[in-house]
Amino acid sequence: MFKIAVMGCGVVGSGVCDILLAKQEEISARFQREVKLSYIVDVRKMPDTPYEKFLTDKAEDVFNDPEVRLIVVTIGGLEYPYLLSKRALSAGINVVTSNKEVVAAYAKELSRIAFENKCRFLYEASSGGGIPIIRPLNICLSSNDILEIQGILNGTTNYILTKMSSKGLSFDTVLKEAQQKGYAEANPAADVDGYDAARKIAILSSIAYKGFVEYNDVKCTGIRDVKAEDHANAAKLGYVIKLIAGSKLLPDGSVTATVEPKLVPKDNILAAVNSVYNAVLVKGSYTGDSLFYGKGAGKLATASAVCGDIIEILGRPTEDTLMPYVEKDLKVSNDTDIPCRFYLRFDITRAIEDSVSIAMREIFGPETVFAAFGGVLGMITPPIKESAVEGLTRAFEAATDTDFGCSMRVLE
Ligand code: HSE
């Protein structure tokens with residue numbers, strides 16, 4: 001018997017239980033062995049649910065049963081799920097997790113422990129929710145040199161930005177609504193400040209570039225400062241604003257890794273990714289661009305990715321090589337100062353006059369274009385270095401009656 005224990009019966013964990021209960025007979029038939037959800041570890045009582053008869057509040061019950069071959073770790077937080085995963089892998093029990101905090105911080109160590117104990121540590125659900133992206137990067141695309149990844153990896157912020165843009169609403173209004181609907185957490189910081197997407201791009205980049213990318217090295221800017229007026233200006237100029245998680249291989253073998261709101265041209269495929277959907281665009285040396293698109297969050301979509309890992313383990317229980325990123329750290333170089341186009345926002349106290357557009361083109365260059373909405377001037381510069389932005393905006397403020405608000409890069 002191949003017993004499975006699910007630790008943490010929250011949104012994703014309960015989804016995994018639902019899918020296993022619906023599909024375990026089919027899975028058993030496929031692998032010609034009895035596969036069974038046997039334990040659900042959670043401190044909550046769940047009377048009158050399908051989970052009740054599997055419930056225990058003691059992780060020891062799982063570790064004391066030698067027939068448990070796989071533990072699904074769907075507990076939130078960092079240290080406890082990490083310690084549970086480590087203990088299981090050290091005992092040769094496979095671990096599948098959706099916990100991106102654990103994966104971003106400890107995947108190196110846990111992958112090595114799994115390898116040494118001839119079991120597996122898989123985490124397809126940790127990035128992109130239900131979208132198959134980790135296995136394609138690790139296997140299907142692995143003969144390519146991956147040159148670049150651009151993605152929308154956070155459903156909450158994509159929902160907020162989409163709603164701000166389509167309804168002309170402020171960040172605070174849409175955040176409140178997203179919290180009421182259960183899309184955004186009560187404490188939305190990890191999502192809106194970009195840390196969730198930073199962990200996900202670090203996980204994907206480590207696999208793609210075959211060297212460990214430390215998530216704390218990802219340069220991270222959230223969406224709190226994006227205003228409804230920026231969306232209106234961006235739309236007039238032919239763009240939409242998206243929180244883009246991106247990484248790029250540099251010629252010296254280091255990588256850039258960033259999460260920041262960017263202006264995405266309307267004809268870019270990522271511009272069409274709306275609401276809670278996620279997408280990842282991967283540039284391979286042989287494949288060119290491949291797009292992975294789907295639900296980046298949600299109970300059953302994320303649980304589907306967890307169950308895919310369970311099936312992978314049933315098919316190849318011990319055959320795993322050590323992920324290349326375990327052996328090597330990658331340098332993250334975000335200070336390259338490569339010129340790019342910027343969107344700059346200025347508050348205008350008077351109507352736009354000819355002198356403003358003359359000063360704008362004199363200071364930022366003749367190709368600069370602008371749009372104005374509700375007392376806010378938005379302009380898109382020709383390619384300039386980030387280090388030059390501050391000096392140029394000061395010069396513009398001094399020459400005109402404006403106040404600099406923010407800058408965002410244009411996605412090239
Ligand atoms: N908070 C995450 C998001 C959940 O909004 O994308 C999925 O990782």
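Shown are V306, V96, V73, L37; of these, the side chain to side chain contact (heavy atoms under 4.5 Å, CB included) with V6 is made only by L37.
Remark: the S143 side chain and the Y286 side chain contain no N/O donor-acceptor pair separated by less than 3.5 Å. Using modelled atom types, one finds no donor on one side chain facing an acceptor on the other under 3.5 Å when comparing T157 with D191.
Checking side-chain atoms of N99 against main-chain N and O of I75 turns up a donor-acceptor pair under 3.5 Å. Between the side chain of N334 and the backbone N or O of D217 there is at least one donor-acceptor pair closer than 3.5 Å. Within the 3.5 Å criterion, the main-chain N or O of A202 finds a donor-acceptor partner in the side chain of S206. D230 places a side-chain N or O within 3.5 Å of a backbone atom of K227 that can act as its donor or acceptor partner. In terms of modelled atom types and a separation under 3.5 Å, the side chain of N94 and the main chain of R69 share a donor-acceptor contact. Looking at D309, its side chain does come within 3.5 Å of a backbone N or O of E124 through a donor-acceptor pair. In terms of modelled atom types and a separation under 3.5 Å, the side chain of Q179 and the main chain of E185 share a donor-acceptor contact. When atom types are taken as modelled, the side chain of S14 and the backbone of C9 share no donor-acceptor pair closer than 3.5 angstrom. Between the S28 side chain and the Q24 main chain, a donor and an acceptor come within less than 3.5 Å of each other.
Under the side chain to side chain donor-acceptor pair (under 3.5 Å) criterion, E312 pairs with R120, R135, R316, sequence neighbours left out. A search for side chain to side chain contact (heavy atoms under 4.5 Å, CB included) contacts involving T221 returns E260, P261, not counting sequence neighbours. Residues satisfying the side chain to side chain donor-acceptor pair (under 3.5 Å) test with R394, not counting sequence neighbours, are E390. Listed by chain and residue number, K108, F212 satisfy the side chain to side chain contact (heavy atoms under 4.5 Å, CB included) test with D329 (two or more places apart in sequence, or in another chain). Checked against side chain to side chain donor-acceptor pair (under 3.5 Å), S290 has no partners two or more places apart in sequence or in another chain. Y343 meets the ring pair (Phe, Tyr, Trp, His ring centres under 6.0 Å) test with no other residue; sequence neighbours excluded. Residues meeting the side chain to side chain donor-acceptor pair (under 3.5 Å) test with S254, sequence neighbours left out: D252, S333. Applying the side chain to side chain contact (heavy atoms under 4.5 Å, CB included) criterion to T162, with sequence neighbours excluded, gives N158, K242, N274. Qualifying ring pair (Phe, Tyr, Trp, His ring centres under 6.0 Å) partners for Y106, counting only residues two or more places apart in sequence or in other chains: Y82.
For residues 26-68, the set of pairs meeting the ring-ring contact (aromatic ring centres under 6.0 Å, His included) definition, not counting sequence neighbours, is empty. Listed by first and then second residue, the ring-ring contact (aromatic ring centres under 6.0 Å, His included) pairs that reach into residues 257-279 are Y277-Y293, sequence neighbours excluded. Residues in residues 120-173 take part in these ring-ring contact (aromatic ring centres under 6.0 Å, His included) pairs, two or more places apart or across chains: F121-Y123, Y159-Y183.
Within the 4.5 Å cutoff, side-chain heavy atoms of I244 are placed close to those of V264. The side-chain heavy atoms of F396 and T402, taken from C-beta on, include a pair separated by under 4.5 Å. By the 4.5 Å heavy-atom criterion applied to side chains, L137 and L204 are counted as neighbours. Between T256 and V332 there is no side-chain heavy-atom pair separated by less than 4.5 Å. Considering only heavy atoms from C-beta on, I160 stays 4.5 Å or farther from E177 through its side chain. Inter-residue side-chain proximity for V16 and C307 is flagged as met; some heavy-atom pair is nearer than 4.5 Å. Taking 4.5 Å as the limit, every side-chain heavy atom of K219 sits out of range of all side-chain heavy atoms of D335. Within the 4.5 Å cutoff, side-chain heavy atoms of T368 are placed close to those of P382.
Closest of all the heavy-atom pairs between I134 and S126 is CD1-OG, 3.7 Å. Taking both residues in full, the closest heavy atoms of I241 and A234 are given as CG1-CB, 4.0 Å, listed atom of the first, atom of the second, then distance.
One finds no salt bridge joining E52 and K45 here, because no Lys/Arg side-chain nitrogen approaches an Asp/Glu carboxylate oxygen to under 4.0 Å. Ion pair E327/R112 flagged as a salt bridge, since at least one NZ, NE, NH1 or NH2 atom sits closer than 4.0 Å to an Asp/Glu carboxylate oxygen. Looking at D196 and K200, a side-chain N of the basic residue comes within less than 4.0 Å of a carboxylate O on the acidic one, giving a salt bridge. Using a cut-off of 4.0 Å between Lys/Arg side-chain N and Asp/Glu carboxylate O, E412 and K248 are scored as not salt-bridged. We find that E116 and K86 are not joined by a salt bridge, their nearest charged nitrogen and carboxylate oxygen being 4.0 Å or further apart. Here K299 pairs with D18 in a salt bridge; the nearest charged N to carboxylate O distance falls below 4.0 Å.
More than 12 heavy atoms of other shown residues, nucleotides or ligands fall within 6.0 angstrom of atom CG in L83. The 12-atom threshold is exceeded at CZ of R345, counting heavy atoms of other residues, nucleotides or ligands nearer than 6.0 Å.
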